[in-house]
Amino acid sequence: MVLDNGVARVLVVGGGVGGMSLAIALRHAGVMVDLIDIDPDWKAAGAGLTLNGATLRALGQLGVVDEVVAGGHVHGGRRIFHSSGQLIRDIPAYRPASDDLHAMGGIVRPALHAILARRVKELGVTVTLGVTVERLEQDGRGVDVGFSTGREDRYDLVVGADGLLSKVRQLVMPEIGPPVFTGQGCWRAIFPRPSEVETNWLFLDPHRKVGLNPISEEEMYMFMLESAPGNPWQEPADWQATLAAKMRGYGGLVRELADGISDTTSTNYRPLETLLVPPPWHRDRVVLIGDAVHATTPHAGYGAGLAIEDGIVLTAMVVERDSVEAALEAYVDRRFERCRAVLEGSVGLGRLEMEGVPIEQQLAASAKLFELTRQPY
Ligand SMILES: Cc1cc2nc3c(=O)[nH]c(=O)nc-3n(C[C@H](O)[C@H](O)[C@H](O)COP(=O)(O)OP(=O)(O)OC[C@H]3O[C@@H](n4cnc5c(N)ncnc54)[C@H](O)[C@@H]3O)c2cc1C
């Protein structure tokens with residue numbers, strides 16, 4: 001199908017959560033989509049993912065929320081503990097809008113990847129793995145693409161959904177600098193879920209934070225955010241032992257879980273880096289979505305959610321507007337403020353954690369961040 005603005009074929013570079021969501025939305029609109037990913041195995045790292053209410057709403061719009069609920073866990077509310085393990089209080093479920101079905105959830109990343117990838121294939125997207133773009137040349141009516149395999153092709157629109165270190169961004173916006181380290185690191189691990197962990201549990205003291213989040217009937221994932229002055233290298237072979245030692249500084253369930261860590265516990269460490277590309281997010285007919293233009297920290301559990309929303313909004317604009325230029329301008333107009341607010345709120349909360357301000361001040365900043373999801377995207 002050819003849209004009124006002439007768009008018939010789109011290339012999506014990057015098959016992460018953003019690229020796959022865009023591909024699904026474009027196919028729903030009848031547009032032909034080729035999707036490439038540099039990873040020949042097209043795998044997602046094993047860590048858990050928090051899905052806030054807004055993310056679940058967007059997954060509903062893509063038609064996959066029932067599968068996500070079945071493959072993950074939905075819940076609401078938060079239990080707040082002091083890092084010693086003492087319960088401080090319960091915070092009620094937060095729904096972005098009164099008619100939203102789900103307040104919050106979690107899923108293991110490979111499960112979400114499998115759900116989206118299955119849908120992408122069912123909808124007839126052509127997926128090619130182990131390949132990237134080497135050359136993008138535009139003439140106002142289309143984009144000539146040179147692939148790393150030597151193949152050449154021409155598209156009406158090219159979308160860079162290739163993450164934090166986006167190659168597409170480097171090709172069309174070489175002036176944009178690299179992501180910036182925020183000063184914090186994030187540890188993640190997956191544990192069997194005790195039945196009492198039915199919702200998000202947070203263990204706080206002014207300087208550090210551990211969260212437990214159910215991701216299925218059987219499992220939960222844990223994240224630990226901490227200051228990491230000088231961004232020290234954390235040797236992957238030592239991840240389990242290092243994390244267990246840090247967890248022994250906590251009380252309650254976190255302390256108990258430390259004794260259950262073994263060499264086979266799925267564990268991961270990432271220094272937190274952010275990037276916000278100023279508008280516009282396109283150069284002629286090449287446009288960016290997701291972490292390629294707005295990489296945030298996990299404080300709102302919303303980076304993947306923002307990438308999914310980008311795919312939905314970009315598709316809506318491409319379908320509605322009568323020129324590609326107008327569609328891409330409308331897309332960034334709709335997205336920039338929301339992404340900026342989430343990113344700056346998340347980085348700001350991380351800063352409060354590093355400064356060690358009182359827990360109540362941190363919880364107030366966190367509530368403000370959730371409030372941002374209330375606006376429609
Ligand atoms: C520690 C940590 C915890 C997080 N926790 C959460 C959370 O709980 N909830 C949440 O919503 N978000 C979370 N996020 C954010 C979330 O992971 C990202 O915002 C999200 O994955 C961005 O999706 P994306 O599709 O833009 O990029 P990505 O998920 O990075 O996907 C990019 C894809 O592009 C491919 N690719 C890369 N380079 C190329 C290339 N040159 N050519 C072709 N393909 C390429 C990659 O293989 C990959 O498949 C977290 C982030 C971090 C760092």
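Numbering of ligands and ligand atoms starts at 1, following listing order. In this chain, numbering begins with 1 at the start of the sequence shown.
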Polar contact flag for [X] and ligand 1 (N/O pairs, less than 3.5 Å):
| X | value |
| --- | --- |
| D39 | no |
| G18 | yes |
| P298 | no |
| W42 | no |
| D37 | yes |
| D291 | yes |
| A307 | no |

Counting only heavy atoms closer than 4.0 Å, does ligand 1 sit against the backbone of Y221, its side chain, both, or neither?
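It is the side chain that touches ligand 1; the backbone stays farther off.
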
Should the proximity of C186 to ligand 1, defined as any heavy atom under 4.0 Å, be assigned to the side chain, the backbone, both, or neither?
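The answer is the side chain of C186.
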
To check your reading of the model: name the closest protein heavy atom to [atom], its residue, and the distance in Å.
| atom | answer |
| --- | --- |
| atom 42 (N) of ligand 1 | T132 OG1, 2.8 Å |
| atom 30 (O) of ligand 1 | G163 CA, 3.8 Å |
| atom 37 (C) of ligand 1 | D162 O, 3.4 Å |
| atom 15 (C) of ligand 1 | G303 CA, 3.8 Å |
| atom 33 (C) of ligand 1 | G16 N, 3.6 Å |
| atom 11 (O) of ligand 1 | A304 N, 2.9 Å |
| atom 32 (C) of ligand 1 | A161 O, 3.5 Å |

Checking side chain to side chain contact (heavy atoms under 4.5 Å, CB included) against [X], which of [options] comes through?
| X | options | value |
| --- | --- | --- |
| V324 | H282, M317, R285 | R285 |
| M173 | V286, L288, V168 | L288 |
| F147 | T132, I36, V13 | I36 |

Using heavy atoms and a 4.0 Å limit, tell me yes or no: is [X] in contact with ligand 1?
| X | result |
| --- | --- |
| R109 | yes |
| V131 | yes |
| T55 | no |
| Y269 | no |
| R188 | yes |

Starting from the C-alpha separation in whole Å, work towards a yes-or-no answer on side chain to side chain donor-acceptor pair (under 3.5 Å) for Y302 and R338.
CA-CA 11 Å; Y302 201 12; R338 185 183 188 85; 2.8 Å; yes

Assess whether atom [atom1] of [X] is packed by more than 12 heavy atoms of other residues, nucleotides or ligands within 6.0 Å.
| X | atom1 | result |
| --- | --- | --- |
| Q86 | CD | no |
| D41 | CG | yes |
| R141 | CZ | no |
| D263 | CG | no |

What atoms of ligand 1 come closer than 4.0 angstrom to any heavy atom of [X]?
| X | result |
| --- | --- |
| T50 | 7 (C), 8 (O), 9 (N), 10 (C), 11 (O) |
| G305 | 11 (O) |
| G290 | 26 (O) |
| K167 | 41 (N) |
| V13 | 42 (N), 43 (C) |
| R270 | 53 (C) |
| V17 | 23 (O), 25 (O) |

Just so I know, are the side chains of H102 and R57 near enough to count as touching, which here means a heavy-atom distance under 4.5 Å?
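They are not in contact (no side-chain heavy atoms under 4.5 Å apart), so the answer is no.
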
Partner of Q184 by side chain to side chain donor-acceptor pair (under 3.5 Å), out of K209, R208, H299, R270:
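The side chain to side chain donor-acceptor pair (under 3.5 Å) with Q184 is passed solely by H299 among K209, R208, H299, R270.
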
Please report the closest heavy-atom contact between [X] and [Y], naming both atoms and the distance.
| X | Y | answer |
| --- | --- | --- |
| L272 | F181 | O-CD1, 3.3 Å |
| D37 | G16 | OD2-N, 4.1 Å |
| V131 | S148 | CG2-OG, 3.4 Å |

Heavy atom to atom 43 (C) of ligand 1, shortest distance: which of I38, V168, L288 holds it?
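The option holding the nearest heavy atom is I38.
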
Quick test of your reading of the structure: of L22, L49, N52, whose heavy atom lies closest to atom 7 (C) of ligand 1?
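That would be L49.
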
Co-members of L87 in a cluster of I, L, V, M, F, W and Y side chains, linked at under 4.5 Å
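Traced through the cluster, L87 reaches F81, W187, F191, V197, W201, F203, V210, L212, M220, M222, M224, W239, L243, M247, Y250, L253, V254, L257, I261, Y269.
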
Test: D90 and R79 ion pair at under 4.0 Å:
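So D90 pairs with R79 through a salt bridge.
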
Would R135 and E152 pass as an ion pair if we require N to O under 4.0 Å?
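Salt bridge between R135 and E152, a charged N being under 4.0 Å from a carboxylate O: yes.
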
Verify side chain to side chain donor-acceptor pair (under 3.5 Å) between S262 and T264, making sure each step is shown before the conclusion.
CA-CA 5 Å; S262 72; T264 57; 2.9 Å; yes

